[in-house]
Colleague: 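To start, I am sharing the structure in question, which I have written as structure tokens.
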Number of protein chains: 2
Amino acid sequence: MVDEAAEGMRTGAMTLTDVARAAGVGESTASRVLRGHGSFSEKTRESVLSAARSLGYVPNRIAGTLASTGSKLVGIVIPSLSNIVFPDVLRGANTVLVGAGFQPVVAVTDYDQGREESLIESLLSWRPAGMMVAGLEHTERTGAMLRQARIRVAELLDTDGEGIDIVVGFSNREAGRTSGRHLVSRGYRQIGYVGHDLSRDLRAAKRFAGFRSALEEAGLKVAAQEIIPASSSIEAGRDGLARLLERGTNLDAVYFSNDDMAIGGYFHCLARGIAIPGQMAIFGFNGLDVARSAPQPLSTILTPRVAVGENGARLVCSEGPPARIDLGFELIEGATT
Amino acid sequence: MVDEAAEGMRTGAMTLTDVARAAGVGESTASRVLRGHGSFSEKTRESVLSAARSLGYVPNRIAGTLASTGSKLVGIVIPSLSNIVFPDVLRGANTVLVGAGFQPVVAVTDYDQGREESLIESLLSWRPAGMMVAGLEHTERTGAMLRQARIRVAELLDTDGEGIDIVVGFSNREAGRTSGRHLVSRGYRQIGYVGHDLSRDLRAAKRFAGFRSALEEAGLKVAAQEIIPASSSIEAGRDGLARLLERGTNLDAVYFSNDDMAIGGYFHCLARGIAIPGQMAIFGFNGLDVARSAPQPLSTILTPRVAVGENGARLVCSEGPPARIDLGFELIEGATT
DNA sequence: ATGAAAGCGCTAACAA
DNA sequence: TTGTTAGCGCTTTCAT
């Protein structure tokens with residue numbers, strides 16, 4: 001048992017009780033002052049604040065959250081950190097969240113719905129005020145947990161399907177379709193596709209489906225395709241195009257599953273001296289900086305990633321009915337088509 | 001007042017009390033079963049588990065953390081999410097953290113020490129088990145808070161200076177020096193520099209300092225330099241080199257503050273038909289994928305970003321004395337020097 | 001193997 | 001304006 005005198009040297013952190021005692025006020029008064037809530041005299045305010053400062057008091061939000069109603073945590077679930085797309089969304093969300101006094105807690109699923117399920121279960125145990133998740137496709141149990149949590153849930157980056165509560169994004173299917181129509185309208189007829197693992201990246205699969213439907217509308221089909229069984233990367237795009245071309249199919253354009261892949265293809269053409277778009281046109285998806293700053297700006301679809309994060313966060317922090325925001329996308333006619 | 005019957009329809013989440021009651025056992029027994037701690041019969045185990053499942057029970061970690069000692073949260077403080085470098089570190093940290101049952105809580109400082117201070121203060125209020133912070137330079141108060149928190153603190157990505165507890169990274173100063181020596185040894189003599197806002201990015205400033213000292217060793221100095229007063233980006237590198245060249249200084253090589261900047265410079269040369277490295281050599285920093293996959297792989301310094309995150313996380317999750325791990329870096333002799 | 005009871009540090013009525 | 005008093009939902013002795 002420690003006596004009063006020894007308490008000052010405790011190894012543990014200072015508590016509100018310590019501050020109240022040092023300031024010579026009650027706990028609740030100290031609490032009110034520290035949160036600027038309720039009323040108190042200027043005199044007590046100063047003594048509490050100075051006591052807190054001199055004791056190096058750091059409030060314990062764990063206790064605060066338990067005692068009050070909701071936490072100020074927001075769970076953010078994304079499939080990857082390797083592709084700058086998700087840090088972009090996170091960045092947008094972070095800005096708004098921090099501005100509203102929330103803390104993001106992130107989880108990375110690695111495009112695995114099973115992992116997503118257990119990560120979300122784990123996040124939910126922190127009783128977050130809200131949850132932001134990439135995509136609309138989840139396991140049944142994930143959906144059930146999210147619905148039963150009775151918190152705001154935002155599903156991001158896709159509008160092709162039903163959402164739980166808040167949906168903020170754009171149609172990947174339409175993006176693919178727009179890409180296909182663009183290539184067709186430019187007169188390309190021998191069109192290939194280079195993609196990455198679509199069984200996991202469902203949004204890329206939707207784009208490809210939309211793309212194919214656009215070609216079909218024009219009586220065309222994908223002349224040749226190469227799927228790299230890995231996540232997207234510049235290298236995968238480079239290798240993918242190399243393999244596609246090795247097969248000897250005559251192509252005048254290639255649609256890539258995203259800009260990373262497309263930049264890889266672009267680099268391959270530069271390295272091999274393949275004229276772009278004369279010998280080969282290239283089309284990507286996302287409108288990354290690297291794609292837009294290339295010597296020949298890549299033709300691609302610019303996606304509002306940061307805005308998706310911002311809007312999702314804004315809605316998650318607010319009350320209201322379920323919402324659906326389609327932020328759209330923008331076709332960028334670069335120099336590669 | 002709600003009666004027993006109505007309790008089942010409460011809007012709030014299920015609690016351990018509900019589970020215990022449904023299973024016909026005491027709270028502590030239910031708690032033991034759910035955490036697989038302590039002893040209980042197979043029979044109780046099953047009834048508790050099935051009660052939890054049928055009630056859709058999600059444990060409340062907030063309460064659990066308050067009741068027990070430490071939380072399973074780890075704060076991660078990085079300057080930016082725009083540069084893939086930090087998501088890379090985060091990725092490494094996340095993998096290890098999740099494997100050890102921890103949840104990362106991230107904060108982004110935007111290279112602002114004041115913001116860093118308030119973000120860290122806020123993170124600390126969640127009573128994290130540990131803290132991972134980019135860099136060694138903080139405000140005095142930040143240092144004090146971190147020290148007084150009595151938790152493990154890992155400072156990442158830099159070893160040029162004193163750390164608080166755990167330091168995992170490499171010497172930016174040495175990296176700059178190595179870069180300088182490399183250019184000198186290749187015979188370049190008219191060497192320029194294109195950088196971004198160094199007053200905020202202290203590690204980039206250290207690299208530049210090391211770089212200059214290497215040139216001085218060879219009796220050289222930076223022939224011309226261009227600092228873009230913004231954060232690093234491909235576009236900034238492109239514009240920076242363009243401006244540097246407009247000034248008419250005769251240069252045979254340019255050192256960039258990082259790979260994003262260097263890729264921008266590389267693109268500028270491609271666009272202008274400037275032969276690399278014949279007319280102009282380019283050197284970067286980080287060894288990003290885009291730099292390594294370019295038609296002419298960029299000469300650069302490869303940094304162990306993911307490993308920094310992994311090692312930092314590993315140490316933060318462990319007990320032990322202060323530690324210092326220098327993971328080093330690797331000079332990549334690409335095709336641009 | 002199990003339950004009762006005492007907190008963890010704070011917030012939120014409710015009195016005073 | 002201020003203090004007292006209950007909890008928030010869980011973990012953890014300590015009996016039983």
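So that the names make sense, note that chain A is the first sequence line, chain B the second, and so on, each numbered from 1. Basis for what follows: all heavy atoms, side chains included, without hydrogens, waters or symmetry-related copies.
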Colleague: Name each donor-acceptor pair under 3.5 Å that joins a side chain in residues 55-63 of chain B to protein atoms two or more places apart or in another chain, with its distance.
Modeller:
{"from": "B:Asn60", "atom 1": "OD1", "to": "B:Ile62", "atom 2": "N", "distance (Å)": "2.9"}
{"from": "B:Asn60", "atom 1": "OD1", "to": "B:Ala63", "atom 2": "N", "distance (Å)": "3.1"}
{"from": "B:Arg61", "atom 1": "NE", "to": "A:Ser125", "atom 2": "OG", "distance (Å)": "3.4"}

Colleague: Between B:Glu155 and B:Val168, is there a donor-acceptor pair closer than 3.5 Å when you use the side chain of the first and the backbone of the second?
Modeller: no
Colleague: Return the residues of residues 41-55 of chain A meeting this criterion: a heavy atom under 4.0 Å from some atom of DNA chain D. Order them by number, or give none.
Modeller: A:Ser41, A:Thr44
Colleague: For the pair A:Asn311 (side chain) and A:Ala307 (backbone), establish whether a donor and an acceptor sit closer than 3.5 Å, ignoring hydrogens and angles.
Modeller: yes
Colleague: Looking only at side-chain N and O atoms, does B:His138 offer a donor or acceptor that is under 3.5 Å from a partner on B:Glu116?
Modeller: yes
Colleague: What is the bend of the helix from C:dA1-D:dT16 to C:dA16-D:dT1 when you compare the axis at one end with the axis at the other, using five pairs each and rounding to 10°?
Modeller: 30°
Colleague: Could you tell me if B:Arg35 and B:Ser31 have a donor-acceptor pair between their side chains, going purely by distance under 3.5 Å?
Modeller: yes
Colleague: With a 4.0 Å cut-off on N to O distance, would you call A:Asp165 and A:Arg152 a salt bridge?
Modeller: yes
Colleague: Using a strict 4.0 Å threshold on nitrogen-to-oxygen distance, state whether B:Glu121 and B:Arg141 make a salt bridge.
Modeller: yes
Colleague: Considering only residues two or more places apart or on different chains, which pairs with a residue in residues 71-83 of chain B satisfy side chain to side chain donor-acceptor pair (under 3.5 Å)?
Modeller: A:Arg91-B:Ser82
Colleague: Quick check for you: name the first and last nucleotides of DNA chain C, 5' to 3', having an atom under 4.0 Å from a heavy atom of chain B.
Modeller: C:dA1 to C:dG9
Colleague: What one-letter contact string describes nucleotides 5-16 of chain D from 5' to 3', where B marks a base within less than 4.0 Å of any protein heavy atom, S marks contact via sugar-phosphate atoms alone, and - marks no contact?
Modeller: --BBBBBB----
Colleague: Are B:Ser122 and A:Gln103 close enough, and set up right, to give a side chain to side chain donor-acceptor pair (under 3.5 Å), and what steps lead you there?
Modeller: CA-CA 9 Å; B:Ser122 165; A:Gln103 285 284 348; 2.7 Å; yes
Colleague: Is there a donor-acceptor contact under 3.5 Å linking the side chains of B:Ser41 and B:Thr44?
Modeller: yes
Colleague: Side chains of A:Thr139 and A:Glu117: any donor to acceptor distance under 3.5 Å?
Modeller: yes
Colleague: Just so I know, are the side chains of A:Met132 and A:Val89 near enough to count as touching, which here means a heavy-atom distance under 4.5 Å?
Modeller: no
